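Notes to accompany the following structure.
Ligands are counted one by one from 1 in listed order, and the atoms in each one are counted from 1 as well. Numbers here are sequence positions counted from 1. Here the structure is a predicted model, which is why all the values come from computation and not from measurement.
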Amino acid sequence: MVIGGVAGGASAAARLRRLDEQAEIVVFERSGHVSFANCGLPYHLSGAIAERRSLLLQSPESLRANFDLDVRVLHEVTGIDRDARVVTGTDLGAGEPFRLHYDALVLSPGASPIRPPIPGAERGLTLRDVEDLDRIGAAVAGARSAVIIGGGFVGLEVAENLCERGLAVTIVELAPQVLAPIDAEMVTYVHDELVAHGIVLRLGHSVTELTATAAVLDDGESIDADLVIFAIGVRPETTLARTAGLEIGPRGGIVVDDTLRTSDPHIWAVGDATEKADSVLGGAALVPLANLANRQGRRAADAIAGRPQPFAAAHSAAVVRVFGLTVAVTGANERRLRAAGHDVLALHTHANSHAGYFPGAETMHLKLLVDPADGRILGAQGVGRDGIDKRIDVISTAMSGGITAPQLADLELAYAPMYGSAKDPVNMLGYLAENVLLDGEPVVAWHELADRQRDGWLVVDVRQPSEVADGAIDGAVNIPLDQLRGRLGELAGRRVVCACAVGQRGHAATRLLRQHGIEAANLIGGYRTLEAATRATVPAVAVTA
Ligand code: FAD
């Protein structure tokens with residue numbers, strides 16, 4: 001028996017059938033639809049997914065025909081008698097109660113959107129299933145303005161699609177940035193993209209009240225809102241598990257072992273409702289993502305069929321499109337690592353998505369987080385218009401395989417000029433790690449620069465004067481790289497931070513100076529990282545269109 005017939009639940013049921021043709025498999029699903037495409041829902045709001053039926057991947061009839069599954073939609077399970085191994089619930093269509101015995105039970109009830117307890121909250125909508133989509137679709141008709149509360153993945157997707165639909169969209173986010181998994185200097189590009197598309201950002205603010213026509217912020221500002229969407233996160237659906245006395249973990253999700261078994265030997269749980277092991281920081285994590293739910297569904301079925309395979313700890317790899325940008329992340333970010341007391345080396349590149357001489361190359365901003373003690377990859381983030389998903393997936397795969405940051409230098413990656421560079425940006429991150437960790441090149445992070453300057457270090461900007469004219473580093477002197485050898489005398493006895501646009505010429509300059517006996521260090525990621533970081537770290541910045 002499976003409770004919840006979408007990502008994890010449908011995967012478990014279909015896999016179990018493939019493993020066991022004799023099993024009787026029943027799936028209970030509370031909503032009116034099974035196996036629908038949650039991740040595609042926002043894109044029907046703009047018409048990017050034109051047909052609503054495209055979101056309905058299977059039906060009870062097709063699952064019966066293809067997999068001999070007994071799928072019962074509009075059936076809510078409300079109780080589990082673990083001793084008798086019986087579930088009870090309500091057939092919402094007929095209004096009738098039901099009871100059914102199980103030998104093995106899989107819980108995949110997902111997570112429900114959080115609604116803030118503010119006056120007028122009943123007017124706010126959430127997006128989780130097809131019924132929610134229909135409600136939002138009805139509200140959008142005739143609406144001119146929308147306020148999205150929460151700037152996470154779902155909030156940004158809904159914002160983009162309502163904007164494409166022609167609504168005036170404001171995102172209100174309590175944190176000083178959208179997309180919490182991304183560090184501040186990386187998210188600047190996302191803020192720029194949202195603002196460039198006319199979305200108004202109210203960062204560092206909360207909504208305190210919804211009136212009939214507006215959302216009122218904590219500073220008293222009233223924003224027109226024909227439509228309000230709550231996208232402030234999700235909470236694991238654990239009511240059923242709690243009532244049944246299953247163990248709930250410190251993060252509020254169902255506790256499972258590495259074969260997805262709960263504290264009851266006859267019950268497995270998968271997906272958003274469960275706690276996962278955090279591959280980087282250790283301990284339990286809530287990771288409400290579809291890839292994990294689907295993979296867990298498969299593994300739970302394996303375990304029930306008597307062929308358990310351990311489920312690996314989660315890197316929380318995720319990707320989202322924000323208009324023309326792709327933002328992807330895996331592992332932990334620098335903020336979380338430092339908060340956990342981790343020593344971390346943060347490396348930045350701003351490489352071309354493919355060979356610069358082939359038309360259409362775009363800058364891709366990549367950040368790699370590394371344990372300086374052993375080179376272990378702790379996380380990575382990417383923002384750009386092309387090729388970001390591939391690079392973050394390569395790094396995520398490297399993390400699974402235990403490949404260290406310097407070893408990225410030796411990855412053999414397919415290349416042709418329209419797809420990448422002969423030195424792929426992932427190889428380049430490996431070179432950076434190798435330079436620092438194996439060759440011992442001193443580096444300075446953007447947030448350490450001011451302290452270095454206060455300590456008397458001189459910043460030498462080795463870009464060309466024309467580049468410096470477009471944006472200078474405070475207190476830096478400009479000695480272009482091609483003049484550096486001839487002007488070493490100007491730096492005698494100085495300690496020097498070498499800076500350039502992205503860190504590459506700074507690396508060459510640092511090597512050059514050190515071989516001439518001048519103490520030098522390279523500014524990681526160069527002026528581009530510094531500039532993005534400086535704009536991002538303004539506290540509670542309110543960026544307006
Ligand atoms: P779900 O897929 O939510 O399924 C749980 C089902 O259980 C629900 O349909 C619910 O009705 C049913 N249920 C709950 N309780 C009961 C009960 N007592 N009785 C009967 N039925 C019950 N993830 C990504 O990785 N990438 C994305 O791009 C992405 N985009 C998303 C966009 C949106 C708008 C949303 C809402 C989610 C998105 N996700 C995305 C997250 C992804 O959809 C979830 O991680 C995934 O669906 C979780 O699978 P699950 O099986 O745990 O829960």
Taking atom 18 (N) of ligand 1 as the point of reference, which of D129, I80, V77, V106 owns the nearest heavy atom? V77

Taking only non-hydrogen atoms of A290 and a 4.0 Å limit, the atoms of ligand 1 in range are 23 (N), 24 (C), 25 (O), 42 (C), 45 (O)

Restricting to heavy atoms, the pick from T126, N38, V270 nearest atom 43 (O) of ligand 1 would be N38

Tell me which one of G89, G5, G110 gets a heavy atom nearest to atom 53 (O) of ligand 1. G110

Can you tell me the protein heavy atom closest to atom 7 (O) of ligand 1 and the distance? G4 CA, 3.2 Å

Give yes if a backbone or side-chain nitrogen or oxygen of G8 is under 3.5 Å from a nitrogen or oxygen of ligand 1, and no if not. yes

Any heavy atom of D272 under 4.0 Å from ligand 1? The part involved is both

Tell me: protein heavy atom nearest atom 50 (P) of ligand 1, and distance? S108 OG, 3.7 Å

Parallel, tilted or perpendicular, judged at 30° and 60°: which one describes the rings of H365 and H350? perpendicular

Going by the order shown, which atoms of ligand 1 are within less than 4.0 Å of some heavy atom of L127? 34 (C), 36 (C)

In ligand 1, the atoms that come under 4.0 Å of a heavy atom of G271 are 52 (O)

If you scan protein heavy atoms around atom 10 (C) of ligand 1, the nearest is E29 OE2, 3.5 Å

Would R336 and D278 satisfy salt bridge (charged side-chain N to carboxylate O under 4.0 Å, His left out), going step by step from the backbone distance to the final call? CA-CA 12 Å; R336 283 185 65 215; D278 184 320; 3.2 Å; yes

Could you list which atoms of ligand 1 come closer than 4.0 Å to a heavy atom of E237? 14 (C), 15 (N)

Would you mind listing which atoms of ligand 1 come within a distance below 4.0 Å of any non-hydrogen atom of I3? 17 (C), 19 (N), 20 (C)

Within ligand 1, which atoms have a heavy atom of F28 less than 4.0 Å away? 20 (C), 21 (N)

Looking only at protein heavy atoms, which one is nearest to atom 21 (N) of ligand 1, and how far off is it? R30 N, 3.0 Å

Between D302 and R299, is the closest basic N to carboxylate O distance under 4.0 Å? yes

Could you go through the salt bridge (charged side-chain N to carboxylate O under 4.0 Å, His left out) check for D134 and R52 one step at a time? CA-CA 9 Å; D134 292 341; R52 179 180 177 277; 2.9 Å; yes

Tell me, yes or no, whether the heavy-atom count around E209 atom CD, taken from other residues, nucleotides or ligands under 6.0 Å, exceeds 12. yes

Residues D81 and R85 bridged, charged N to O under 4.0 Å: no

Identify the residue among I136, T126, I229 that makes a side chain to side chain contact (heavy atoms under 4.5 Å, CB included) with V158. I229

R99, CZ: over 12 other non-hydrogen atoms inside 6.0 angstrom: no

Could you check whether atom OH of Y419 has more than 12 heavy atoms from other residues, nucleotides or ligands sitting under 6.0 Å from it? no

Would R391 and D424 pass as an ion pair if we require N to O under 4.0 Å? yes

Heavy atoms, side chains only, cut-off 4.5 Å: are L325 and R385 in contact? yes

Heavy atoms only: which of A7, G79, C39 lies closest to atom 29 (C) of ligand 1? C39

Among protein heavy atoms, which lies nearest atom 14 (C) of ligand 1, and at what distance? P109 O, 3.2 Å

Should the pair E131-R30 be classified as a salt bridge under the 4.0 Å nitrogen-to-oxygen rule? no

How does P288 reach ligand 1, by side chain, by backbone, by both or by neither, if only non-hydrogen atoms under 4.0 Å count? backbone

What protein heavy atom is closest to atom 4 (O) of ligand 1, reported as residue, atom name and distance in Å? V6 CB, 3.4 Å

Ligand 1 atoms in contact with A293 (distance to a heavy atom under 4.0 Å): 48 (C), 49 (O)

Does H75 reach ligand 1, in the sense of a heavy atom lying below 4.0 Å from it? yes

